[in-house]
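This report refers to the structure that appears directly beneath it.
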Amino acid sequence: MDFDILIVGAGLAGASLAAALRGTSLRLGVIETRPPKAAADWDARIYAISPSNATFLSKIGAWEHLDHDRIAPVYDMQIRGDDGGRIDFSSYDSGLGELAWIVESGLMQRELWEIIKRQHNVKLLCPAVPASLARDDEKSSIFLEDGRRLDARLIVGADGVQSWVRDRAGIEARFSPYGEKGVVANFECEKPHHGTAFQWFRKDGVLAWLPLPGKRISIVWSAPDEIADELVALQPSDLASRVAEAGDTLLGELHALGQAQAFPLRLMRVDSPVSQRLVLIGDAAHAIHPLSGHGINLGYQDAQKLSEKLAALPGWRDPGDIETLRSYARARAEETALLQYTTHGLNRLFKPANPLVSGLRNLGMNLTNRMPVLRNALVRYAVSGKF
Ligand SMILES: Cc1cc2nc3c(=O)[nH]c(=O)nc-3n(C[C@H](O)[C@H](O)[C@H](O)COP(=O)(O)OP(=O)(O)OC[C@H]3O[C@@H](n4cnc5c(N)ncnc54)[C@H](O)[C@@H]3O)c2cc1C
């Protein structure tokens, strides 16, 4: 047996799982096709990291080592409907330090990579491309394209939404495309954002402005395919004017920092993320609409929960034991389903429809805004996963 656990994919989910298993005696192999790229400029792929996931990253030794000059706290969030609806969330009113942290994907990726590169119980196999997968009662095996054979008691598929592991394990993924793309880009703004995030439910999609350090913001505009394609094709200065206008020029004029990128949005579900000697985490196990900003937060929570289950096993216990895997799957099922259905439902609710639905959804936002107890409970749930 070469390894106790083979993790396929060292993205944020896979690398954080490996780092979280640092204190165990488990022998880990991590297979990755390519190492993370060095930073060129501000990464357009950013995440709103919840305080509970910042704590997880801190526990695994990553948070403190990130360049904090590149991280922005979110203190307030303003959400606006398409017909006068509005909800405001405030960390101060909710008794919290901050609602979230805005962090570049590449920044976290490189830090986690450095951690696992130095980790005593990790063998990093990169660049390496898996070619086939075999499983029996005793072990799982991966054969690499270069002919190497790797045996392990458990395989973790952390290889993203197009997961090779999921496909080879015969776990069916049900994709529901939204017919939308997430357009991401960064801007310098004329006025300070004071740590406020803004989100507009518009007729042409959901637009989020997320604060970056200084007078910068990052946007995610989840728009129907044809509008997203049009946005990405715009000259940077035209895109900046369009984004500023769509956000009621709340932060004055915008100046584009680099090129916009777009990624297709889809809901992806599996019946179960576990099967014989195998488990899926992160985007390999679920994909959700980015309007709640929970994509990688779910992936980090998968990594945290799975690492806790594995670390709690006595030394003689098999990490590929199906009961342990099922217990992990049960522990993650509720939050994953809740976020998938909530974001899916919100996306549906705010699709252009008849005026009655539009009136009701905006009224609902205004009613929620007038109920501080409900509003603050929603904030606490969003940041900690608990009411
Ligand atoms: C352009 C873009 C912008 C995005 N912006 C946002 C955003 O603003 N907010 C948000 O919430 N989400 C966003 N997302 C989605 C978000 O990136 C994912 O939710 C998150 O990266 C999932 O992390 P992961 O580790 O599960 O998978 P991934 O990040 O996909 O990592 C998978 C890893 O596995 C490796 N891999 C793949 N196949 C193999 C294989 N066969 N063998 C070995 N290794 C393999 C890959 O190289 C990669 O390192 C964006 C996605 C894209 C593409």
Side-chain angles (χ1 to χ4, degrees), residues 6-19 29-37 42-50 53 100 102-106 108-110 112-113 116 124-133 142-146 150 155-169 181-186 197 199 206-210 212 217-222 228 232 258-268 273 279-303 306 336 339-340 343:
L6 261 178
I7 300 172
V8 183
L12 299 175
S16 65
L17 172 66
V30 178
I31 304 175
E32 172 57 57
T33 47
R34 54 189 159 81
K37 289 193 201 121
W42 287 87
D43 193 348
R45 199 162 159 177
I46 54 91
Y47 301 108
I49 298 296
S50 66
N53 278 319
I102 305 300
V103 191
E104 295 159 279
S105 179
M108 289 188 288
Q109 188 68 73
R110 288 187 298 280
L112 288 168
W113 184 258
I116 62 171
L124 206 43
L125 300 134
C126 177
V129 181
S132 62
L133 169 73
I142 285 185
F143 298 85
L144 298 179
E145 276 187 355
D146 62 15
L150 309 165
I155 286 184
V156 180
D159 49 347
V161 73
Q162 299 296 347
S163 173
W164 174 89
V165 173
R166 188 184 65 226
D167 183 55
R168 291 308 158 103
K181 291 193 181 95
V183 176
V184 293
N186 294 336
Q199 191 168 38
V206 185
L207 171 63
W209 287 9
L210 303 164
L212 286 175
I217 56 164
S218 191
I219 70 140
V220 185
W221 193 334
S222 310
V232 173
Q259 205 56 43
Q261 297 174 43
F263 62 106
L265 303 182
R266 52 209 157 177
L267 177 69
M268 191 280 286
V279 56
L280 305 173
I281 63 168
D283 274 21
H286 41 66
I288 67 171
H289 196 286
L291 68 83
S292 72
H294 268 82
I296 199 52
N297 285 300
L298 273 183
Y300 280 145
Q301 287 301 300
D302 291 350
L306 184 58
T336 306
L339 275 166
Q340 287 193 315
T343 52

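Both counts, for ligands and for their atoms, begin at 1 and track the order of listing.
Interface atoms of ligand 1 facing Ala13, defined by a heavy-atom separation under 4.0 Å, are 25 (O), 26 (O). Which parts of ligand 1 touch Val220 is read off a 4.0 Å heavy-atom cut-off, strictly below it: atoms 8 (O). For ligand 1, the atoms sitting less than 4.0 Å from at least one non-hydrogen atom of Asp283 are 18 (C), 19 (O), 20 (C), 22 (C), 26 (O), numbered in the order shown with element in parentheses. Residue Arg34 approaches ligand 1 through these ligand atoms, each under 4.0 Å from one of its heavy atoms: 47 (O). Close contacts between ligand 1 and Gly11 involve ligand atoms 25 (O), 31 (O), 33 (C), 49 (O) [criterion: under 4.0 Å to a heavy atom]. Here is the list of ligand 1 atoms found below 4.0 Å of a heavy atom in Ile31: 43 (C), 44 (N). Shown in contact with Gly282 at under 4.0 Å from a heavy atom are these atoms of ligand 1, numbered in order with element: 26 (O). Atoms of ligand 1 lying under 4.0 Å from at least one heavy atom of Gln261, given by number and element, are 1 (C).
Within the 4.5 Å cutoff, no side-chain heavy atoms of Val232 are placed close to those of Lys181. Annotation: side chain of Leu124 is in contact with side chain of Trp113 (closest heavy-atom distance under 4.5 Å). In this structure, the side chains of Leu133 and Ile142 come closer than 4.5 Å at one or more pairs of heavy atoms. At a threshold of 4.5 Å between non-hydrogen side-chain atoms, the residues Leu12 and Gln109 count as touching.
Both the backbone and the side chain of Asp159 come within 4.0 Å of ligand 1, judged by heavy-atom distances.
What you find for Gln261 and Ala44 is that their closest heavy atoms are NE2-CB, 3.9 Å. Taking all atoms of both residues into account, the shortest heavy-atom contact from Leu17 to Ala303 is CD1-O, 3.6 Å.
Between atom 16 (C) of ligand 1 and the options Tyr47, Trp164, Tyr300, the minimum heavy-atom separation is to Tyr47. In this comparison of Arg45, Gln162, Met108, the heavy atom closest to atom 51 (C) of ligand 1 sits on Arg45. One option in Leu12, Thr33, Ile46, Asp167 has a heavy atom closer to atom 8 (O) of ligand 1 than any other, and that option is Ile46. The heavy atom nearest to atom 32 (C) of ligand 1, considering only Ala208, Ala260, Ala158, is found in Ala158.
Between the side chain of Asn297 and the backbone N or O of Ser50, at least one donor-acceptor pair lies under 3.5 Å.
Interatomic distance, CD1 of Ile116 versus CD of Glu32, reported as 8.5 Å (0.5 Å rounding). Expressed to the nearest 0.5 Å, how far CG of Leu125 lies from CG of Leu144 amounts to 6.5 Å.
Gly182 does not count as a contact of ligand 1, since none of its heavy atoms falls under 4.0 Å from the ligand.
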